[in-house]
Participant: 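First, the structure itself, so that you have it in front of you.
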Number of protein chains: 2
Amino acid sequence: MASAVPDRTQLVEQLRAHDIIPTHQRLVIAQALFARRQHVSADQLLGQVNLTHAEVSKATIYNTLNLFEEKGLVRRIIVDPERIFYDTFVDSHPHLFDVEAGELSDIEAPDLRVVGLPPLPHGMRQEGLDIVIRVRNISASV
Amino acid sequence: MASAVPDRTQLVEQLRAHDIIPTHQRLVIAQALFARRQHVSADQLLGQVNLTHAEVSKATIYNTLNLFEEKGLVRRIIVDPERIFYDTFVDSHPHLFDVEAGELSDIEAPDLRVVGLPPLPHGMRQEGLDIVIRVRNISASV
DNA sequence: TTGGGTGCAAACTATTTGCATTCGA
DNA sequence: TCGAATGCAAATAGTTTGCACCCAA
């Protein structure tokens, strides 16, 4: 069950399984993105991808993240007005957002339940349920 | 208990109570903002304020909303990557976000409870708990 | 050969900021 | 009078887009 870092072949399969043509750049991006379970912004991912030498342009990062999101490979998390985070774990789960550091992380809550939500208005389909705890370091400046 | 539209005198008091010097522009903004319980973006509010004739500049809208937020008069809601919403009702409560229309609204859920959240990491203070249901109109384009 | 994919730069949008002007106590 | 508030325009940052080029089927 330990999800090891996927190799190139697995990534190719994964992209194909989601109707995405596996190009070189997309594989490089996927490799950095799915190296571990993480929450990254486009800019952070760009840095990870081009760590050693520039291989992918900024526009392609954005295009690819949008494509991956559309195809269900990653999930957008909107918590910071300055940037969009992409979560490599797409199942719905609660998040912790450090407003000071601008860092997003998971909350381990296997037994989480939300009780008392009314039914959706007619004609509406639920796309997601976001639960975010905003925190601040106590020792941090006021 | 019915919260009527506050008049100018009440608004002056309210601003003063929050350590805000009541200037003309701030009162005009507060008047539009607190005319009803609502969720507005800076741009929408600018439109409401300057409905009849331009009285307040865009920069002042932003400055004032930031000030109001700092002083606890309104609450920022981050759900849309394109804009920040300001909620005139500052108590924590769940929201419904129509991703298609970009509209934010309240969810009536007086008995809402979230069960199973683990304790916060050490040194962290909770700033807020955001619960947002993202919905899409079924009849809307796929 | 040909339709995507990619890269670059320019465009765009929401928001912030610097600075000169004006207002209000 | 004097500090704070305002307005304008420029700056900023994240994201998107137009278009020429390139590659793989």
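The chains referred to below are lettered A, B, ... by the order of the sequence lines, with proteins before strands, and numbering in each begins at 1. This one's a predicted model, so the numbers in the text were calculated from it and none came from an experiment.
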Participant: Does any part of the side chain of B:Val79, heavy atoms only, come nearer than 4.5 Å to the side chain of A:Val79, both counted from C-beta?
Facilitator: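 They are not in contact (no side-chain heavy atoms under 4.5 Å apart), so the answer is no.
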
Participant: Is it the case that over 12 heavy atoms from other parts of the model lie below 6.0 angstrom from the CD atom of B:Gln126?
Facilitator: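 More than 12 heavy atoms, drawn from other residues, nucleotides or ligands, come within 6.0 Å of this atom.
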
Participant: Which pairs of donor and acceptor atoms, one on a side chain in residues 8-15 of chain B, lie under 3.5 Å apart (sequence neighbours left out)?
Facilitator:
from	atom 1	to	atom 2	distance (Å)
B:Arg8	NH1	B:Gln31	OE1	3.3
B:Arg8	NH2	B:His24	ND1	3.4
B:Gln10	OE1	B:Asp7	N	2.9

Participant: How long is the straight-line distance from CD1 of A:Ile78 back to CG of A:Asp130, given to the nearest 0.5 Å?
Facilitator: 8.5 Å

Participant: Between CG of A:Leu73 and OH of A:Tyr86, what distance do you get to the nearest 0.5 Å?
Facilitator: 13.0 Å

Participant: State, yes or no, whether a side-chain contact exists between A:His95 and A:His39 at a heavy-atom distance under 4.5 Å.
Facilitator: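 Result yes, sub-4.5 Å side-chain heavy-atom pair found.
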
Participant: So is A:Arg37 actually on top of A:Phe89's ring, under 6.0 Å and inside 45° of the axis?
Facilitator: yes

Participant: Does a side-chain N or O from A:Ser57 land closer than 4.0 Å to OP1 or OP2 of C:dT6, or not?
Facilitator: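 Answer is no, no contact under 4.0 Å.
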
Participant: Is a salt bridge present between B:Asp91 and B:Arg75, judged by a nitrogen-to-oxygen distance below 4.0 Å?
Facilitator: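 Looking at B:Asp91 and B:Arg75, the cut-off is not met.
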
Participant: Please list residues of residues 15-34 of chain A whose heavy atoms come under 4.0 Å from any atom in DNA chain C, ordered by number; otherwise none.
Facilitator: A:Ile21, A:Thr23, A:Gln25, A:Arg26

Participant: Rounded to the Å, how far apart are A:Asn50 CG and C:dG7 C1'?
Facilitator: 12 Å

Participant: Would you find more than 12 non-hydrogen atoms of other residues, nucleotides or ligands less than 6.0 Å from B:Arg16 atom CZ?
Facilitator: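 Open: at most 12 neighbouring heavy atoms sit under 6.0 Å from CZ of B:Arg16.
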
Participant: Pick out the pairs of N or O atoms, protein on one side and nucleotides 15-19 of chain C on the other, that lie under 3.5 Å.
Facilitator:
from	atom 1	to	atom 2	distance (Å)
C:dT15	OP1	B:Ile84	N	2.9
C:dT15	OP2	B:Tyr62	OH	2.7
C:dT16	OP2	B:Asn66	ND2	3.1

Participant: Do B:Leu46 and B:Ser41 touch side chain to side chain, with heavy atoms closer than 4.5 Å?
Facilitator: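 Contact flag for B:Leu46/B:Ser41 side chains = no.
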
Participant: Hey, is the main chain of B:Val56 close enough, under 3.5 Å, to the side chain of B:Asn50 for a donor-acceptor pair?
Facilitator: yes

Participant: Could you give the start and end, 5' to 3', of the contact zone on DNA chain D for chain A, using atoms under 4.0 Å from its heavy atoms?
Facilitator: D:dG14 to D:dT17

Participant: Could you tell me how far apart A:Ile61 (CD1) and C:dG7 (C1') are, to the nearest whole angstrom?
Facilitator: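 Computing the A:Ile61:CD1 to C:dG7:C1' distance gives 12 Å.
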
Participant: Please answer whether the main-chain N or O of B:Thr60 pairs with a side-chain N or O of B:Thr64 as donor and acceptor at a distance below 3.5 Å.
Facilitator: yes

Participant: Of the residues in residues 6-14 of chain B, which ones touch DNA chain D at a heavy-atom distance under 4.0 Å?
Facilitator: none

Participant: Can you name the residues that form a side-chain hydrogen bond (donor to acceptor under 3.5 Å, both in side chains) with A:Glu127, not counting sequence neighbours?
Facilitator: B:Arg136

